[in-house]
Every structure is written in structure tokens, then in C-alpha cells.
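Worksheet: one structure, shown below.
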Number of protein chains: 4
Amino acid sequence: MAQPLSRVERRKQETRREILDTALACFGERGYHATGISDIAKRVGIAQGTFYLYFQSKHDIAEQVLDDLMARLSAALTELPPEAPATLSDYRAQAGRITDTLTRVFSDDPRAARFLLLQAAAIDDEMAERVLGFYDSAAALQSSYLQHGVDAGYFRADLDVEAAARAVNGMLLAAAMYQLRDPAPDAFERLTRTVREIIYHGLAGETSRHDARDGA
Amino acid sequence: MAQPLSRVERRKQETRREILDTALACFGERGYHATGISDIAKRVGIAQGTFYLYFQSKHDIAEQVLDDLMARLSAALTELPPEAPATLSDYRAQAGRITDTLTRVFSDDPRAARFLLLQAAAIDDEMAERVLGFYDSAAALQSSYLQHGVDAGYFRADLDVEAAARAVNGMLLAAAMYQLRDPAPDAFERLTRTVREIIYHGLAGETSRHDARDGA
Amino acid sequence: MAQPLSRVERRKQETRREILDTALACFGERGYHATGISDIAKRVGIAQGTFYLYFQSKHDIAEQVLDDLMARLSAALTELPPEAPATLSDYRAQAGRITDTLTRVFSDDPRAARFLLLQAAAIDDEMAERVLGFYDSAAALQSSYLQHGVDAGYFRADLDVEAAARAVNGMLLAAAMYQLRDPAPDAFERLTRTVREIIYHGLAGETSRHDARDGA
Amino acid sequence: MAQPLSRVERRKQETRREILDTALACFGERGYHATGISDIAKRVGIAQGTFYLYFQSKHDIAEQVLDDLMARLSAALTELPPEAPATLSDYRAQAGRITDTLTRVFSDDPRAARFLLLQAAAIDDEMAERVLGFYDSAAALQSSYLQHGVDAGYFRADLDVEAAARAVNGMLLAAAMYQLRDPAPDAFERLTRTVREIIYHGLAGETSRHDARDGA
DNA sequence: AATGAATGAGACTTCATTCAT
DNA sequence: CATGAATGAAGTCTCATTCAT
């Protein structure tokens with residue numbers, strides 16, 4: 001039961017994903033506009049016409065590549081232990097995990113980072129809107145974490161949660177961009193550690209600041 | 001020292017600048033790839049061929065537009081009172097001025113922001129390199145400010161200055177991007193104030209934290 | 001003489017006809033070039049590949065659609081009471097029946113008319129040749145009717161039968177084309193009645209023939 | 001004064017017309033769909049891109065070719081001695097002149113005839129509408145001639161002028177189509193003479209009209 | 001016999017750049 | 001110096017046809 005995926009259907013899904021991945025690779029490496037459908041097709045090993053059996057247009061695949069990537073990132077950001085951190089220490093641990101996850105997604109496929117950070121917003125007004133919208137939703141997610149911290153008492157009560165969320169994400173964005181040019185793990189590690197320290201000192205209340213030094 | 005700029009020569013410079021500004025406008029509004037040389041020429045009021053008397057190619061003008069923009073931003077960031085801030089209070093004031101300057105440059109011409117933040121890096125690998133290089137040099141500049149703060153004693157002695165510089169700039173970047181979609185001054189003001197607070201609390205030493213609350 | 005048409009064979013013939021009819025419908029509605037094999041297949045409810053089990057190519061089915069249509073029209077024109085009209089009155093009655101038949105064929109399926117009158121000749125040189133050839137054979141048929149009228153004495157003895165046949169058919173053609181845009185039966189009825197009158201007065205009669213020779 | 005046609009402007013007009021004529025030739029010979037922009041460009045001796053300096057699209061030039069052709073035909077039909085024929089003889093003479101004119105237009109460029117009669121209506125629904133609309137306006141023009149004949153008394157008073165106009169034009173259409181395959185002037189001459197006779201006898205005359213009413 | 005995914009040639013169109021005037 | 005018509009390479013997309021299943 002529930003095996004509607006015949007062999008051929010599965011093969012189609014595989015091809016679809018292969019095209020999607022290849023497109024992300026091409027877009028990330030050469031850029032959206034410098035990439036031709038023929039480049040993608042050649043690299044996948046299909047005819048140009050075959051491409052259009054899986055995607056309606058070049059713009060369509062760009063949308064899907066972006067959606068797919070944003071979905072993966074959202075999943076990475078969301079699929080954390082559901083229990084919210086109760087103490088600042090817990091928060092620090094969780095923040096570390098989030099950073100690690102993002103790092104992994106982006107270092108696993110640097111082309112994904114290049115595409116999201118450098119290319120996607122330049123494709124189109126609509127696409128730019130999507131990217132900025134993604135930043136917004138990431139800010140909303142970050143907001144909820146910070147708000148929880150305020151409620152739990154380990155962040156300052158007078159924190160402008162929304163604004164702080166954007167600021168925090170900006171630091172993560174800077175880290176991601178930094179990694180684009182200098183993929184050395186060391187430098188990146190130093191940067192993320194500092195970011196966590198800034199968050200810690202910058203957001204925390206007066207009372208909980210004595211155990212500040214960060215090990216990871 | 002002489003005045004070799006004959007009237008003709010001056011006129012040429014004016015035209016050149018007019019084309020440059022128009023190109024920035026077009027690139028910011030429609031995007032680099034969606035902008036044709038004919039769009040720029042039409043808007044300036046010159047013939048298409050005339051464009052090539054002033055710039056070698058489309059890529060060439062993109063480079064010059066970017067260089068010009070980055071130069072203006074560098075100038076805005078650098079041309080501050082040369083005497084470095086001696087106290088945290090001074091630093092806060094200076095940080096406010098920098099933010100104000102950046103804000104002014106970008107809100108004066110939102111298309112410049114769109115071009116730098118969304119478009120420029122997608123033109124080309126070389127152009128992406130330039131943009132990332134600009135971020136690097138901005139980080140270096142920020143570094144020098146922060147290092148001065150460490151030396152002056154109002155920032156933590158163990159601060160990883162380089163990493164912190166990138167983090168701080170990341171927050172400014174986030175602010176600039178936020179402004180792209182929601183140009184309401186209020187929201188932006190809230191965001192920059194929070195950024196300054198985070199810097200203040202996040203970077204400062206233990207001793208100077210009692211006068212933290214920020215009014216502006 | 002046997003019944004070699006097994007159930008399977010009969011089914012094939014049905015499918016073939018279904019495809020043929022659907023193709024005529026599509027060609028008439030959207031035009032030959034705007035119709036894709038996939039349109040026909042989808043409408044019939046078969047796979048695209050299946051189409052090629054019944055017809056060799058798109059051109060092939062167009063030929064067969066046209067042949068089929070012309071055959072139906074020929075049949076309609078020919079399968080009249082075999083006894084030729086003996087008097088002008090009889091002729092008038094027969095002409096009425098022919099007109100009725102043509103009308104019925106075309107109003108039953110306006111797409112057939114659109115295909116024959118507007119589309120078919122544009123497919124191909126060869127197809128144009130077929131259409132014009134059909135007009136020729138229709139003229140030949142009309143010729144034979146008119147010749148009979150001359151022989152029977154109710155058409156002018158000096159009638160250029162071949163030329164008149166083409167002229168008469170031209171009027172019918174005009175009527176058919178008129179019906180394409182304005183399918184109102186009234187207008188069509190008025191037109192065919194007038195055509196019959198013109199034939200009647202234009203071809204018949206002793207009385208008005210004395211000044212017939214034409215100078216220009 | 002009033003010499004806004006600089007040398008270059010005149011050259012552009014020439015090129016435009018050259019493309020237009022070549023397009024008519026190609027469309028008439030090979031058909032609209034079989035003709036590529038590259039065919040037209042090659043034959044004119046320009047680059048493909050140049051074509052698009054003069055016409056917006058393939059569809060655009062088809063429209064203009066058709067409009068141009070219909071305008072030429074309208075001019076040919078309309079630019080006759082303005083004094084309407086007063087007698088049936090005059091009418092016969094005028095009808096002869098009209099036929100001659102049409103003949104000339106079409107035999108001068110048989111491809112024009114092929115395009116108008118066989119191709120144009122198959123390009124598009126909109127184009128078909130134009131062609132049928134042209135037939136309508138030709139019918140309206142013919143109507144006015146016939147109406148004049150009725151008013152002047154040399155056509156039957158009870159003539160359904162509109163319907164007769166379409167019938168007459170149908171005969172001309174048949175003549176034009178006949179000429180497509182058999183361009184021999186003799187055969188065409190015979191046909192047009194017969195058409196004029198049918199018009200003459202079919203529309204004129206008091207004497208033979210008493211048994212005209214048609215039941216079906 | 002039927003399927004429908006795959007093919008690939010070819011169509012239209014755009015646009016950065018050149019060059020004769 | 002300015003013009004803008006001309007160029008032609010390159011890109012996206014369609015669709016009749018084939019073939020492995």
C-alpha cells in the first residue's frame with residue numbers, strides 16, 4: 001500500500017532532483033545569468049528539451065532552487081530540540097548548535113551560499129522579494145527565541161526583541177559571507193565564537209553576566 | 001596646477017558623471033542584467049554609440065559605478081573627526097554619526113543600496129570579489145576603531161577585534177538591508193539604536209557598563 | 001467476404017476515426033500549426049506515442065483529414081437523385097437540395113469549414129494543390145450539371161459551361177465563407193436564395209440574351 | 001521646406017519596403033510558417049537583428065504585409081472614375097475595369113494572391129478575422145455599386161443588394177483562385193467574361209423576373 | 001498495442017558592440 | 001565628438017518524432 005512510486009516515477013524524481021542540484025551548482029558557480037539551460041542539461045547529461053519536462057522555464061527552476069534552499073535552511077533552523085532553552089547556558093548551547101547547522105549547510109555546499117547570498121536577489125524583483133522575505137522570517141524566528149529569553153529572564157527585560165533579532169541575524173549573515181571568501185574553519189570558528197559572545201554580553205541582563213566566558 | 005579643463009573637457013566630465021549616475025539608477029531599479037545600454041542612453045538623452053565614447057563596455061561602467069559608490073561610502077566612513085574617540089561615550093557618539101552618515105547615503109539614493117547589496121555581486125565573479133573585498137576593508141576600518149577602543153580601555157581587553165569588527169558590520173549590513181524593504185525611518189531608528197546597545201554591552205568591559213542605557 | 005474485422009480490429013478503426021475527428025476539430029478551432037500532436041492525443045485520451053501507431057506524421061493526418069472531408073463533401077454533392085433535372089424547375093429544386101446539403105455539412109461542423117476554407121491550403125504546397133484540385137473537381141461536377149442544363153435547353157446554348165461552373169461555385173464559396181463569421185441562419189438563407197436567383201437569371205433564358213456579347 | 005526625408009531616412013524607408021516585399025514573397029511562396037525571419041533577412045541581405053529594427057515581430061510583419069496588400073487592393077477597387085455608372089453599359093465597362101485592375105494586381109505578383117487567398121487566414125485567429133473583414137468591406141463596396149444600379153434602374157428593384165454583392169464577389173474570388181493554378185490569360189479571360197455575363201443577366205432586367213420567387 | 005519520457009533541431013528574439021556618416 | 005543603424009552571436013523555449021518499457 002502507498003507505493004505509488006513505480007520504478008519510473010522514482011527515476012523521474014531522481015532526475016528532477018539531479019537537475020535541481022545541478023542548477024544550484026551552476027547558479028552558484030557561474031551565476032544565474034551566465035548559466036544557460038544548455039549548461040545545466042549538459043552537466044546532468046540530458047537533452048535541453050528534457051529540462052523543460054521537469055521545469056517550466058529558467059525562472060521557474062531558479063524559484064524552485066531558491067525555495068528548496070530556503071526550506072532546507074528553515075528546517076535546519078527549526079528542527080532543533082523543541083524544548084526552549086531555560087537558562088542562558090542552555091541558550092548558548094542552542095545558539096552553538098544553530099550556528100553549527102548553518103555552517104554545515106553552507107560548507108557542505110558553498111555554491112548554495114553563493115547562490116543565496118550573492119545571486120538570488122539579483123535575478124528578479126520578485127526573487128529579491130523572496131530573499132528579503134526569507135530574512136524577515138528568519139528574523140521572526142530569531143525574535144521568538146529572544147522573546148523566550150526575555151520571558152525566561154536571561155535577556156534584558158527592556159530588549160527590543162525584533163530589532164535585536166535582526167541584529168543577531170546580521171552577525172550570522174556576516175559570518176556566512178565571510179566564509180564565502182575564506183573557507184578556513186579556524187577563522188570562521190573565531191568569528192562565530194565572537195558573535196556568540198557579543199550576543200551573550202549584548203543581550204543578557206545584569207544579573208546573569210558572571211558566567212560569561214564562552215568555551216565553544 | 002593649470003586649468004587644462006577647457007569648457008569642452010568640463011562638459012565631458014559632466015556627461016560622464018550623468019551617465020554614471022543614470023547607470024546606478026537603472027542598475028538599482030531594474031537590475032544590472034535587465035538594464036540595457038539603450039535604457040541608460042535613452043534616459044541620459046544620448047545616442048547608444050555615444051555611451052561607448054565614455055565607457056568601454058557594460059561591464060566597465062558597472063565596475064566604475066561600483067567603485068564610485070564604494071569610494072563614496074569609504075569617504076563617508078573615513079571622513080569623520082580624525083581624533084579617535086577617547087571614551088566609550090565618545091565612541092557612542094561617533095558610532096551614531098557613522099550610522100547617520102551611512103543612513104543618509106543609502107536613504108538619499110535607495111537605488112545605490114539596492115545595487116550594492118543585491119545586484120553588484122551577481123554581475124560577475126570579479127565584481128563579487130570587489131564587493132566582498134569592500135566588506136573586508138570595511139571590516140579592517142571597523143577593526144581599527146575597535147582596536148583603539150581596546151587600547152583606550154573602554155572595550156574588553158580580550159576582544160577578538162577582527163571578528164568583532166565583522167560582527168558589528170554584519171549588524172549594520174542587516175540594518176541597511178532592512179531599510180530596503182521598509183524605508184520607514186522609525187523602524188530603522190529602532191534597529192540602529194538596538195545595534196548600538198548591543199555593541200555597547202557586547203563589546204565593552206566590565207567597568208564601564210553602568211551608564212549603559214542609550215537615549216538616542 | 002469473411003469477417004476479418006475481429007473485435008480488436010474494429011476497435012482500432014474506431015480509435016482511428018476518433019483521432020481523425022479530433023484532429024479536424026483541433027485544426028479547425030486552433031489552426032493546423034497551433035495544434036500540437038499532444039493536443040490531439042490529450043483530447044482523444046491517448047498517449048502521444050499512440051498517435052503514431054495510427055498515423056505516420058502530423059502531415060499525414062492533415063492529409064487524411066482533408067481527404068476525408070473532401071470525400072464527405074463529394075459524397076454530399078454526388079449522392080443526389082441520379083436522374084438529372086429535366087427542366088429549369090427541377091434544376092432549381094436540385095440546386096436547393098445541394099445547397100441544403102452543403103449547408104448541413106458545414107453548419108453541423110463549423111470547424112470543418114474553417115479547416116477547409118482557411119487552414120488546409122496554408123499547410124503545404126502539396127496541400128494547397130489538393131484544395132485547389134478539389135475546387136477543380138467541384139467545378140467539373142458543376143460543369144456536368146450545367147452542361148446537362150444546356151443540353152436540356154434550359155440554360156443558354158452559348159453558355160461557357162466551364163467558366164460558369166467556376167462562377168457558380170465561387171458564389172457557393174462566398175456563402176460558405178460568409179457563414180464562418182455570421183452563422184445566423186437567416187442571413188445565410190438570404191444569401192443562398194439570392195445566389196439561386198442569380199444562377200437562374202444569369203444562366204437561363206432566351207429573352208434577355210440579345211445584348212450579351214461583352215466588349216471589355 | 002518639407003524635406004524631412006534626409007538621405008538616411010529615405011534609405012530606411014527603402015529598406016523597410018524591401019523587407020515588406022520580400023516578406024510577402026516568402027510568405028506567398030513558402031507560406032507563413034515555413035518562412036523564417038532568417039529567410040527574409042538572407043534574401044534582403046541584412047542581418048537577422050536588423051529585421052527587428054523595422055518590425056517588432058514575425059507576427060507584426062505579417063499584419064503589415066496583409067494591411068499593405070489589402071490597402072493596395074482597396075485602392076485599386078476604389079480609385080475608379082468617381083462618376084458612378086449611369087447605365088448598364090457603363091456598369092459593364094466599369095466592372096471590366098475593376099476586374100482588369102484586380103487581375104493586374106494579382107498577376108503582377110502571384111505571391112500576393114497566394115498569400116491573401118491561401119495563407120493569411122491561417123496565420124492566426126486575428127489574421128483570419130482581418131481577411132474575412134476585408135471580404136466584408138469588399139462586399140460593402142460592391143453593395144454600394146449594386147445599390148446605385150438599383151437606384152439607377154438598371155438592376156432589379158427587388159434585388160437583395162447585400163446578398164448579391166457577396167455573390168458577385170464570390171465569383172471574383174473564384175476567378176482569382178482559378179488564376180492561382182492556371183495563370184494562362186486566356187482561361188482567365190473566359191472566366192471573367194462569363195462572370196460579367198452572369199452579373200449582367202443575373203442582376204438586370206425586368207422581363208424575366210416574374211417567376212423569380214424561390215421556395216427553398 | 002500502448003505508453004510517455006526523451007530527444008534535438010530549429011524557431012524567434014535580444015542586446016552589447018561597431019562603424020559609416 | 002556624436003549619432004543610430006547595423007550586426008550576429010547567443011539564449012530560451014517548442015514540438016514532431018522516437019524508443020525503451
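Numbers restart at 1 for each chain; the letters A, B, ... are given by sequence-line order, proteins then strands.
What you find for A:Val131 and A:Ala121 is that their closest heavy atoms are CG2-N, 4.0 Å. When every heavy atom of D:Val65 is checked against every heavy atom of D:Phe115, the shortest pair comes out as CG1-CE2, 3.5 Å.
Close to F:dT3, at under 4.0 Å from its OP1 or OP2, lies a side-chain N or O of B:Thr50. At F:dA6, one or more side-chain N or O atoms of D:Tyr54 fall inside 4.0 Å of OP1 or OP2 (strictly under the cut-off).
Between A:Glu9 atom CD and E:dG4 atom C1' the separation is 11 Å, expressed in whole Å. Rounded to whole Å, the distance from OH on C:Tyr52 to C1' on E:dA1 is 17 Å. A straight line from CD1 of A:Ile37 to C1' of E:dT7 spans 16 Å, rounded to a whole angstrom. Nucleotide E:dA11 holds its P atom 7 Å from the CG atom of D:Asp39, rounded to whole Å.
Consecutive Watson-Crick or G-U pairs involving DNA chain F, each under 3.5 Å on both distances, make up stems of three or more pairs at E:2-21 with F:2-21.
Residue order along DNA chain E, read from the 5' end via each residue's closest nucleotide, puts A:Ala47 first among A:Ala47 and B:His59. Along DNA chain F, the nucleotide nearest to B:Leu53 and the one nearest to C:Gly36 differ in position, and the one closer to the 5' end is contacted by B:Leu53. With the nearest nucleotide of DNA chain E identified for both C:Thr15 and A:Gly49, C:Thr15 has the one nearer the 5' end. Between C:Ser38 and D:Arg11, the one whose closest nucleotide on DNA chain F sits nearer the 5' end is D:Arg11.
At a threshold of 4.0 angstrom between heavy atoms, the contacts of B:Phe51 with the nucleic acid are absent. Contacts of B:Phe55 with the nucleic acid, taken as non-hydrogen atoms under 4.0 Å apart, are absent.
Distance from the side chain of D:Lys12 is smallest for F:dA5 among the nucleotides F:dA5, E:dT17, F:dC1. Distance from the side chain of B:Lys58 is smallest to E:dA16 among F:dT14, E:dG4, E:dA16. Set against F:dT3, F:dT7, F:dT12, the side chain of A:Gln48 has F:dT12 as its closest nucleotide.
A donor and an acceptor atom, one from each side chain of A:Arg111 and A:Gln119, are nowhere located under 3.5 Å apart.
Put simply, CE on D:Met70 and CG on D:Leu116 are 8.0 Å apart, with the number rounded to the nearest 0.5 Å. Rounding to the nearest 0.5 Å places OH of C:Tyr32 at 13.0 Å from SG of C:Cys26.
Between C:Glu14 and C:Arg11, at least one side-chain N (NZ, or NE/NH1/NH2) sits under 4.0 Å from a carboxylate O, which counts as a salt bridge.
No more than 12 heavy atoms of other residues, nucleotides or ligands sit less than 6.0 Å from atom CD of D:Gln56.
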